[in-house]
J.: 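Dumping the structure here so I can ask a few things about it.
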There are 2 protein chains.
Amino acid sequence: MARATATTEDSLSSELIRAAGVKVTRGRVRVLDALRAARQPLSHAEMEALPAGAGDAAIDRVTLYRVLDSLVACGLALKAVDTRGVFRFSAAGSQRQHAKHVHFRCTGCGGVFCLKAEPPPPPRLPRGFRLQQVEFDLRGLCAGCGAGTS
Amino acid sequence: MARATATTEDSLSSELIRAAGVKVTRGRVRVLDALRAARQPLSHAEMEALPAGAGDAAIDRVTLYRVLDSLVACGLALKAVDTRGVFRFSAAGSQRQHAKHVHFRCTGCGGVFCLKAEPPPPPRLPRGFRLQQVEFDLRGLCAGCGAGTS
DNA sequence: CCACTAATGCAACAGTGTTGCATTTGAAGG
DNA sequence: CCTTCAAATGCAACACTGTTGCATTAGTGG
């Protein structure tokens, strides 16, 4: 019974990992599962506190760093830095939907808000430059944090 | 002799600090001098290795952090995070010239290039949101780093 | 010149990320 | 099914960045 359910969500992550040409391990599957299920990029600390899924032992701190690195290396995850200087990771696929709109980062609470507006077209680049990613970030205070200020 | 030269560059930083309403100390003057002279935002580590100017002792690590915090608090310096997750500081005035154009960050060498193009106008924000800063960053490979790739 | 607060220096600590090395495990092949 | 081997894991220890507490020093205003 419990075996059958394992072939619903897990297997997709396993499949992605296998397709990427690296070993399929419990750690990688669990981490990629968590990243794909998350609505926002996760920090290492947040992932370390994962509920351990099906009674598995918690993932080792260092192993988690290496699992994340391997997922980034094979293109399944993306690595970015948040405003506090901490690395955050997201599943590669989920990022595609975020590429289409603008982010507002609150300097008060650190929250990230997705705005409806599309990012403007990138300007012309110098010869030889290759564009990989466009980031249009607005900084400021969100409605909650700005309420107290005059 | 050596005293007279101190009234050339230093005094402008001193003046700025005095005008900001905080105490004028050697540490703050030296740090603000360094920030104003730098062409790029400086990290804490880079500033700790400052040549110690006029034979002064090197600044204490913790004091440097507090000096930077105080300069940020009174609006004379700006604090940002680089791609490695390290805080970088810049003099407040020098940033104004950087606000007017787009940056290209090379994911290969970590270099930052200033493009001529102006950042596009920010989109409409939800009610209560207050905009402080607009960041339009492009990521990719610069001419040097992209040359090797097919 | 004095007094008082802010700033400094030192020590110790916390969080984040890395390295080395022995052990375990996934995947391939007999 | 068993063997084999590289890759992945777990553990310990470390490096770097940033912070906190507290005693001492040094600006600033009177």
Side-chain angles (χ1 to χ4, degrees), chain A residues 6 10-11 13-33 41-50 52-53 56-74 76-89 110, chain B residues 6 10-11 13-33 41-50 52-53 56-74 76-89 110:
Chain A
D10 291 345
S11 63
S13 291
S14 306
E15 213 55 48
L16 289 168
I17 295 168
R18 194 184 328 277
V22 295
K23 282 191 185 175
V24 180
T25 66
R26 263 182 310 160
R28 283 181 185 162
V29 174
R30 268 175 63 190
V31 170
L32 186 54
D33 259 354
L42 299 176
S43 69
H44 175 274
E46 287 162 358
M47 281 184 265
E48 211 183 343
L50 280 182
D56 275 329
I59 301 182
D60 180 68
R61 230 171 62 82
V62 177
T63 300
L64 179 51
Y65 275 113
R66 292 198 264 231
V67 164
L68 289 168
D69 278 347
S70 72
L71 290 179
V72 170
C74 69
L76 290 176
L78 295 169
K79 188 180 189 176
V81 175
D82 73 5
T83 52
R84 293 207 336 274
V86 178
F87 289 129
R88 290 188 167 271
F89 300 85
Chain B
D10 291 345
S11 64
S13 291
S14 306
E15 213 55 48
L16 289 168
I17 294 168
R18 194 186 326 279
V22 296
K23 283 191 186 176
V24 180
T25 67
R26 265 183 309 162
R28 283 181 187 162
V29 173
R30 267 175 62 190
V31 170
L32 185 54
D33 261 354
L42 298 176
S43 70
H44 176 275
E46 286 162 358
M47 282 184 264
E48 211 183 344
L50 279 184
D56 276 328
I59 300 182
D60 181 69
R61 230 172 62 81
V62 177
T63 300
L64 179 52
Y65 276 114
R66 291 200 266 230
V67 163
L68 289 168
D69 278 347
S70 72
L71 290 179
V72 170
C74 69
L76 291 176
L78 294 169
K79 188 180 188 176
V81 174
D82 73 5
T83 52
R84 293 208 335 276
V86 178
F87 290 128
R88 290 188 167 272
F89 300 84

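Naming: A, B, ... by sequence-line order, numbering from 1 per chain.
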J.: Please determine, for the side chain of B:Asp60, which listed nucleotide (D:dT28, C:dC10, D:dT9) has the closest atom?
T.: C:dC10
J.: Looking at B:Ser43 and B:Val86, what are the two nearest heavy atoms and their distance?
T.: CB-CG1, 4.1 Å
J.: Could you tell me whether the side chain of A:Ile59 reaches within less than 4.5 Å of the side chain of A:Val31, counting heavy atoms only?
T.: yes
J.: Expressed as a whole number of angstroms, how long is the span from B:Ile17:CD1 to C:dA7:P?
T.: 11 Å
J.: In Å and rounded to the nearest 0.5 Å, what is the CG to CE distance from A:Leu42 to A:Met47?
T.: 5.0 Å
J.: What's B:Thr63 touching, base or sugar-phosphate or nothing? Going by heavy atoms closer than 4.0 Å.
T.: base
J.: Determine: side-chain N/O of B:Arg26 to OP1/OP2 of D:dA26, distance under 4.0 Å, yes or no.
T.: no
J.: Look at the side chain of A:Arg66 and the base of C:dG20, then say whether one donor and one acceptor between them are separated by less than 3.5 Å.
T.: yes
J.: Could you pick out which residue, B:Lys23 or B:Leu64, lies toward the 5' side of DNA chain C when each is mapped onto its nearest nucleotide?
T.: B:Lys23
J.: Atom CZ of A:Arg28 and atom C1' of C:dA27: how far apart are they, to the nearest Å?
T.: 13 Å
J.: So, OP1 or OP2 of C:dA7: does either fall under 4.0 Å of a side-chain N or O from B:Ser70?
T.: no
J.: Round to the nearest Å and state the distance from B:Leu68 atom CG to D:dG18 atom P.
T.: 10 Å
J.: In whole angstrom, what separates A:Leu42's CG from C:dT16's P?
T.: 14 Å
J.: Starting from P on D:dG10, measure out to CD on A:Glu48 and report it in whole angstrom.
T.: 12 Å
J.: Taking side-chain contact (heavy atoms from CB on, under 4.5 Å) as the criterion, tell me which of B:Leu16, B:Leu68, B:Asp33, B:Ile17 meets it with B:Arg28.
T.: B:Ile17
J.: Just to confirm, is there a sub-4.0 Å distance from OP1 or OP2 of D:dT19 to any side-chain nitrogen or oxygen of B:Tyr65?
T.: no
J.: Both B:Val62 and B:Thr25 contact DNA chain D. Taking the nearest nucleotide for each, which residue is further toward the 5' end?
T.: B:Val62
J.: Mind calculating the distance between CZ (A:Phe87) and P (D:dC16) to the nearest angstrom?
T.: 15 Å
J.: With the side chain of B:Val22 defined as its heavy atoms from C-beta on, choose the nearest nucleotide among D:dA8, D:dG18, C:dA7.
T.: C:dA7
J.: Do A:Phe87 and A:His44 have side-chain heavy atoms sitting under 4.5 Å apart?
T.: no
J.: D:dA8 P sits how many Å from A:Arg30 CZ, rounded?
T.: 18 Å
J.: Between C:dG9 and B:Arg61, counting only base atoms on the nucleotide and side-chain atoms on the residue, is there a donor-acceptor pair under 3.5 Å?
T.: no
